[in-house]
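Every chain is numbered from 1, with letters handed out A, B, ... down the list of sequences.
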Amino acid sequence: GIQVEQSPPDLILQEGANSTLRCNFSDSVNNLQWFHQNPWGQLINLFYIPSGTKQNGRLSATTVATERYSLLYISSSQTTDSGVYFCAVDPSAGGNNRLAFGKGNQVVVIP
Amino acid sequence: SAVISQKPSRDICQRGTSLTIQCQVDSQVTMMFWYRQQPGQSLTLIATANQGSEATYESGFVIDKFPISRPNLTFSTLTVSNMSPEDSSIYLCSVRLISYNEQFFGPGTRLTVL
């Protein structure tokens, strides 16, 4: 099946700092999503971004489908940004509309 | 988006017992899924819940252990049968809406098996 690799696995940020999270995938996809799992376990949809660039407040994401990677940018980080960020993809071929998840980026923002 | 509710939100169960988790969506959906997240791990797909027919299970998951029902477009249940401490996880319902390719997740059911 498709492989999804996220880096870095762990990240500690000072409040106000910027960061970039990366997601590499091994095959072409027709769906790519970024989620934030807060400390209570809730998965929050951040971006649906199989290609191109999107921005939502302090967060933005870029997917370069031809090179099989996606980036999530966090600017001016806040303590509420802490949690795990997951990249999930649905392969174009044989995916059967099933999302495959990476192992996540654990982010801790300290005041 | 969709409003997805799950019941119960958490439970503590004895080994050997079974627990049924309910998932209700406020919109018409095309697909419903059940995921498991073991402590400190990523999400793993258990099965796709099919309306009016048997669920489609992923490798490593079987119907006898995780029976699933989906009687209509907006409701599904997952049962965790004959539980052991290794079943302690968060179980999440997920849906895709009609006309959308984006997937949404419920709040999860946090299960602890003693």
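- Crowding of A:Q55 atom CD: a count of heavy atoms from other residues, nucleotides or ligands under 6.0 Å exceeding 12.
- Put simply, B:I90 and B:W34 are part of two different groups of oily side chains (I, L, V, M, F, W, Y) that touch within less than 4.5 Å, one to the next.
- Note: B:Y35 and A:F86 fail the aromatic proximity criterion, with ring centroids not under 6.0 Å apart.
- Heavy atoms of A:Q37 lying under 4.5 Å from chain B belong exclusively to its side chain.
- In the hydrophobic clustering of this structure, A:L11 groups with A:L59; members are Ile, Leu, Val, Met, Phe, Trp, Tyr whose side-chain heavy atoms approach within less than 4.5 Å, directly or through other members.
- Cluster annotation: B:L111 is connected to B:F61 through the hydrophobic network of ILVMFWY side chains, with a link wherever side-chain heavy atoms come within less than 4.5 Å.
- Rounding to the nearest 0.5 angstrom, the gap separating the CZ atom in A:R98 from the CE atom in B:M31 is 8.5 Å.
- In terms of modelled atom types and a separation under 3.5 Å, the side chain of A:N45 and the main chain of B:F104 share no donor-acceptor contact.
- Taking every heavy atom of both residues into account, B:L43 and A:L43 meet most closely at CD2-CD1, 3.5 Å.
- A:Q33 contributes no side-chain N or O that, together with a main-chain N or O of B:E102, makes up a donor-acceptor pair within less than 3.5 Å.
- Each of A:Y85 and A:I12 belongs to its own hydrophobic cluster when Ile, Leu, Val, Met, Phe, Trp and Tyr are linked at side-chain heavy-atom distances under 4.5 angstrom.
- Contact check for B:L92 versus A:Q42: no side-chain heavy atoms found under the 4.5 Å cut-off.
- A single hydrophobic cluster is not seen to contain both A:W34 and A:V84; linkage of ILVMFWY side chains at heavy-atom distances under 4.5 Å, directly or through other members, places them apart.
- Taking every heavy atom of both residues into account, A:K103 and B:S42 meet most closely at CA-CB, 3.9 Å.
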(request) Could you please spell out the steps behind the ring-ring contact (aromatic ring centres under 6.0 Å, His included) verdict for A:F101 and B:F33? (result) CA-CA 14 Å; A:F101 279 75; B:F33 308 90; over 10 Å; no

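- Within residues 4-24 of chain B, no residue approaches chain A closer than 4.5 Å by heavy atoms.
- Few gaps surround CD1 on A:I110; more than 12 heavy atoms of other groups in view lie less than 6.0 Å from it.
- Looking only at side-chain heavy atoms (C-beta outward), B:L45 and A:L99 stay at 4.5 Å or farther from each other.
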